Amino acid sequence: MGTGAIGMVTTHDLALTDIATDFDNRASNVHFKEHYADGEMRFDYQMLPGVLTRTNGISVMVALGLLSGSENSPSLAEET
């Protein structure tokens, strides 16, 4: 970080998001939002500030056929 380098890390481990506070405002958390259309997960690829406040694990499992029915994941029924 002292050389002006830029890097990006992606994770589903929310505990790792605390690391950004260790870098005195030289690191920040950002996230993408997903939505579901035609039974597929789609991303807008717009970096938004902060940590994502919801998870999509159940929705991913439904989309992959590991769970059945949209009753397990209300977001599958949404089309935004």
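All values below come from the heavy atoms of this structure, side chains included, with hydrogens, waters and symmetry mates left out. Here the structure is a predicted model, which is why all the values come from computation and not from measurement.
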Please answer: with hydrophobic residues joined when any side-chain heavy atoms are less than 4.5 Å apart, are Y45 and Y36 in the same cluster?
yes
Step by step, would you call F32 with M47 a side-chain contact (heavy atoms from CB on, under 4.5 Å)?
CA-CA 5 Å; F32 297 129; M47 291 194 333; 3.6 Å; yes
Please check this pair: side chain of D38 against backbone of E40, looking for a donor-acceptor N/O pair closer than 3.5 Å.
no
side-chain contact (heavy atoms from CB on, under 4.5 Å) evaluation trace for L48 with V30:
CA-CA 5 Å; L48 301 168; V30 296; over 6 Å; no
Look at the side chain of N29 and the backbone N and O of T17, then say whether any donor-acceptor pair between them is shorter than 3.5 Å.
yes
Closer than 3.5 angstrom, by distance alone: can the side chain of H31 be matched with the main-chain N or O of G50 as a donor-acceptor pair?
yes
How many angstroms lie between CD in Q46 and NZ in K33, if you round to the nearest 0.5 Å?
11.5 Å
Value rounded to 0.5 Å, distance of CG in L67 from CG in L64:
9.5 Å
